[in-house]
2 protein chains.
Amino acid sequence: MPITDFRNDPYLSLLRPLVEAYLAFYRVGTRHIESMGVTSAQFDVIAELGGTDGLTCAELGEATLITKGTLTGVLDRLEGKDLLVREAVKGDRRAINIRLTKNGEDIFKEIFPVHAEFMKPYFKQALTKEEVNQMKVLLNKLRDSFGNT
Amino acid sequence: MPITDFRNDPYLSLLRPLVEAYLAFYRVGTRHIESMGVTSAQFDVIAELGGTDGLTCAELGEATLITKGTLTGVLDRLEGKDLLVREAVKGDRRAINIRLTKNGEDIFKEIFPVHAEFMKPYFKQALTKEEVNQMKVLLNKLRDSFGNT
DNA sequence: TATTGTTATACTCTATAACTATA
DNA sequence: TATAGTTATAGAGTATAACAATA
């Protein structure tokens with residue numbers, strides 16, 4: 001299969017638009033998130049913990065797809081910023097409960113809406129409401145095909 | 001704006017499907033690319049250089065969005081694997097031309113089709129050809145809204 | 001003076017393997 | 001023996017600022 005077929009193949013021709021659209025979106029979003037003082041990995045952890053009573057490292061690792069050795073470092077940095085605490089778990093002294101501090105919850109509650117408002121106009125100027133609905137259906141099909149875990 | 005409005009807002013409700021679909025796609029793709037022995041950044045560089053007579057660092061940085069200091073390191077590692085060479089540019093002794101070696105071109109020609117064939121079934125089972133065309137249009141609108149540079 | 005690319009510095013993420021404490 | 005999390009190690013990417021060579 002020659003390389004040039006990449007763009008001509010009825011299915012693979014979707015690859016480039018998908019990557020380009022997401023990267024354009026991601027760069028704008030990440031720049032905004034990092035301007036608020038947390039990295040992407042840290043944002044993911046905060047997003048998982050926000051609104052919960054806490055999760056164990058194992059649960060958090062599964063949710064964020066960060067391996068446990070890596071997760072320790074990410075948690076250390078968030079703990080250093082006073083955004084989360086490690087607590088003992090009753091009944092299993094091997095496990096720890098990771099929970100957002102007041103500070104962390106504040107960040108969570110602040111970052112999400114601010115980020116949402118920041119991103120909204122980009123979507124609004126690009127697509128009609130009908131197109132948004134169309135796109136959601138298509139994106140979910142794609143996600144399921146690649147495995148939504 | 002409460003957090004729960006995130007999913008109810010007609011525009012922002014697209015955010016989650018977009019991220020989930022792309023991440024599902026990205027994880028499958030990246031795992032496959034890295035199983036072939038190059039990192040994502042290295043793959044991007046190879047992809048830009050493939051089929052050309054070479055680019056300067058400045059051009060390559062612009063194309064891949066890797067800043068120049070970082071790019072030096074990525075190029076060093078690819079040079080170490082014998083996948084590219086740095087050549088003098090006639091007429092401007094400050095600039096260098098980055099070009100794939102025979103080895104690098106071979107990798108390019110091998111990795112792309114293999115990767116394409118690997119990814120194709122995921123798209124094929126998810127969407128009809130009509131849906132693919134719909135989606136391309138929508139994705140390109142989104143990309144342009146976020147700035148396609 | 002401006003541009004091209006490298007070097008130096010510092011930080012984050014990444015995985016893996018070895019380890020400690022507990023179950 | 002198995003599980004939960006940390007530590008140690010090593011590598012890769014990231015940006016920034018200072019630098020040398022050239023234009």
Side-chain angles (χ1 to χ4, degrees), chain A residues 23 26-49 54-81 83-99, chain B residues 23 26-49 54-81 83-99:
Chain A
L23 284 189
Y26 177 81
R27 281 174 192 134
V28 169
T30 298
R31 205 170 305 149
H32 183 242
I33 284 171
E34 298 194 342
S35 78
M36 296 190 286
V38 293
T39 67
S40 290
Q42 292 169 9
F43 184 76
D44 287 350
V45 168
I46 292 172
E48 290 297 334
L49 292 176
L55 299 171
T56 64
C57 276
E59 290 167 337
L60 205 47
E62 200 177 339
T64 57
L65 295 184
I66 299 173
T67 55
K68 58 183 181 177
T70 303
L71 191 55
T72 298
V74 176
L75 296 179
D76 286 347
R77 287 180 280 277
L78 284 169
E79 198 174 25
K81 289 181 187 177
L83 300 184
L84 58 78
V85 284
R86 288 164 155 107
E87 300 173 325
V89 168
K90 275 187 187 166
D92 189 342
R93 291 204 299 180
R94 295 172 306 182
I96 60 174
N97 188 56
I98 316 291
R99 195 173 51 74
Chain B
L23 284 189
Y26 178 79
R27 281 175 191 135
V28 169
T30 298
R31 205 169 305 149
H32 183 243
I33 285 171
E34 297 193 343
S35 78
M36 298 190 286
V38 293
T39 67
S40 290
Q42 291 169 12
F43 184 76
D44 287 350
V45 168
I46 292 171
E48 289 298 334
L49 292 177
L55 299 171
T56 64
C57 277
E59 289 167 337
L60 204 48
E62 199 177 340
T64 57
L65 294 184
I66 300 174
T67 54
K68 58 183 180 176
T70 304
L71 191 56
T72 298
V74 176
L75 296 180
D76 286 347
R77 288 180 280 274
L78 283 169
E79 198 173 24
K81 288 182 186 176
L83 299 184
L84 58 78
V85 285
R86 288 166 156 107
E87 300 173 325
V89 168
K90 275 187 185 166
D92 188 342
R93 293 203 298 180
R94 294 172 307 183
I96 60 173
N97 189 55
I98 316 290
R99 195 172 52 73

Please list, one pair per line, the donor and acceptor atoms closer than 3.5 Å that link side chains of residues 63-72 of chain B to other protein atoms, with sequence neighbours excluded.
unit_1: B:T64; atom_1: OG1; unit_2: B:L60; atom_2: O; d: 2.8
unit_1: B:T64; atom_1: OG1; unit_2: B:I66; atom_2: N; d: 3.4
unit_1: B:T67; atom_1: OG1; unit_2: B:T70; atom_2: OG1; d: 3.3
unit_1: B:T72; atom_1: OG1; unit_2: B:K68; atom_2: O; d: 3.3

With sequence neighbours left out, write down each residue that passes side-chain hydrogen bond (donor to acceptor under 3.5 Å, both in side chains) with B:Q42, or none if nothing qualifies. B:K81
Could you tell me which residues satisfy side-chain hydrogen bond (donor to acceptor under 3.5 Å, both in side chains) with A:R86, sequence neighbours excluded, listed by chain and number? A:D76, A:E79
A:C57 side chain reached by A:I96 side chain, heavy atoms, under 4.5 Å: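 Side-chain contact under 4.5 Å: yes.
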Mind checking what makes salt bridge (charged side-chain N to carboxylate O under 4.0 Å, His left out) contact with B:E87, not counting sequence neighbours?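 Expected list: B:R99.
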Heavy-atom protein contacts under 4.0 Å, nucleotides 10-21 of chain D, coded B base, S sugar-phosphate only, - none: --SSBBB----B
Could you tell me how far apart A:E59 (CD) and D:dG5 (C1') are, to the nearest whole angstrom?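 My rounded result for the distance is 14 Å.
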Sequence neighbours excluded, which residues qualify as side chain to side chain contact (heavy atoms under 4.5 Å, CB included) partners of A:V89? A:A95, A:N97
Can you sort out the partners of A:E62 under side chain to side chain contact (heavy atoms under 4.5 Å, CB included), two or more places apart, ordered by chain and number? none
Here the gap from B:I98 atom CD1 to B:L84 atom CG, rounded to the nearest 0.5 Å, amounts to 6.5 Å
Heavy-atom pair of closest approach, residues A:E59 and A:T56: OE1-N, 2.9 Å
Roughly how bent is the helix from C:dT1-D:dA23 to C:dA23-D:dT1 end to end, in steps of 10 degrees, with each end axis from five pairs? 20°
Bounds of contact between DNA chain C and chain A, in 5' to 3' order, using a heavy-atom cut-off under 4.0 Å: C:dT12 to C:dA23
